[in-house]
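The structure appears right after this line, and notes come after that.
Quick note: numbers below take in every heavy atom, side chains included, and nothing from hydrogens, waters or symmetry partners. If you're wondering where the values come from, they're calculated on a predicted model, not measured in any experiment.
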Amino acid sequence: MLDLVILSLHFLVCVLISLVIWYGSQDKDLHNVSKGTAEMEHDALVYVGREDDIKKSQRITTKVNGREVVVFYHEGKFYAMDARCYHAGGPLHLGDIEDINGQSCIICPWHQYKITLETGEGLYQAINPLEPSPTPRWLSKGVKQRIHKVTVDNGNIYVSPPDLSVSFDSDYYADKYKSNGDFAVGK
């Protein structure tokens, strides 16, 4: 009987903690909205540079609505994402691009996290120890990095402002470094 009481109390505490966490995240979102910062319409495109210049440099860092964004040109396509890695805020504009499992990925220079340029998925390598001869496979952690839509128009490159109604892990570092303003590289 005592076990049942302890188990019930444990369950109640877990539910209460979950509610506090859930309501706490809702309050955080409401607090950010109430700051009165003006955001551009989601349809409004932000000019980030000339197509030829970005092709030549292969990447640029810029600000889109105060948010650090890196724009890559890789294998004939333009990609844009939050400039800070979702894991610990590493400067993605300093990372190398590698092909992993048929996908172009930026490798964070701080902790070697792999992020697909196309979707913002975090990739990791895993094995199934129950297999007779376990072989490493690339798996997805899900979309962790915010991706921004790139538009090419008449030789100009534009990035769409983020839709902040959906959150991603990289939002934490995008907000943290928003006020910094200098693409500081320090850990």
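The closest side-chain heavy-atom distance from L45 to V159 is not below 4.5 Å. At least one side-chain heavy atom of L123 sits less than 4.5 Å from a side-chain heavy atom of C105. Side chains of D153 and Y158 form a contact here, defined as non-hydrogen atoms less than 4.5 Å apart.
Taking H148 as the reference, nothing meets the ring pair (Phe, Tyr, Trp, His ring centres under 6.0 Å) condition, with sequence neighbours excluded. Scanning for ring pair (Phe, Tyr, Trp, His ring centres under 6.0 Å) contacts around Y86 gives Y113, with sequence neighbours left out. The ring pair (Phe, Tyr, Trp, His ring centres under 6.0 Å) test applied to Y79 returns no partner, not counting sequence neighbours. Residues passing the side chain to side chain contact (heavy atoms under 4.5 Å, CB included) test with I147 are M81, sequence neighbours excluded. With sequence neighbours left out, the ring pair (Phe, Tyr, Trp, His ring centres under 6.0 Å) criterion links Y124 to no other residue.
In this structure, K77 pairs ionically with E118, as a charged nitrogen and a carboxylate oxygen lie closer than 4.0 Å. Between D171 and R67 there is a salt bridge, with a side-chain nitrogen of the basic residue lying less than 4.0 Å from a carboxylate oxygen of the acidic one.
T151 contributes atom OG1, which lies 11.5 Å from atom CZ of F78 (distance to the nearest 0.5 angstrom). Rounded to the nearest 0.5 Å, atoms CG (D169) and SG (C85) are 9.5 Å apart.
Formation of a donor-acceptor pair under 3.5 Å by the R146 side chain with backbone atoms of D163 is found in this model. Judged purely by atom type and a 3.5 angstrom limit, Q145 uses its side chain to pair as donor or acceptor with the backbone of R84. Side chain of S170 to backbone of D82: no donor-acceptor contact under 3.5 angstrom is found. A donor-acceptor pair under 3.5 Å is absent between the side-chain atoms of D175 and the main chain of Y172, judged by distance alone. Counting only distance, with no hydrogens or angles, the side chain of R50 and the backbone of G155 share a donor-acceptor pair below 3.5 Å. The main-chain N or O of G142 is never found under 3.5 Å from a side-chain atom of K144 such that the two would form a donor-acceptor pair.
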Mind listing the side-chain donor-acceptor pairs of residues 126-135 below 3.5 Å, one per line with the distance, residues two or more places apart or on another chain?
unit_1 : atom_1 : unit_2 : atom_2 : d
N128   : OD1    : L130   : N      : 2.9
E131   : OE2    : R137   : NH1    : 2.9
E131   : OE2    : R137   : NH2    : 2.9

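For the residue pair T116/E121, the side-chain donor-acceptor check at 3.5 Å is not satisfied.
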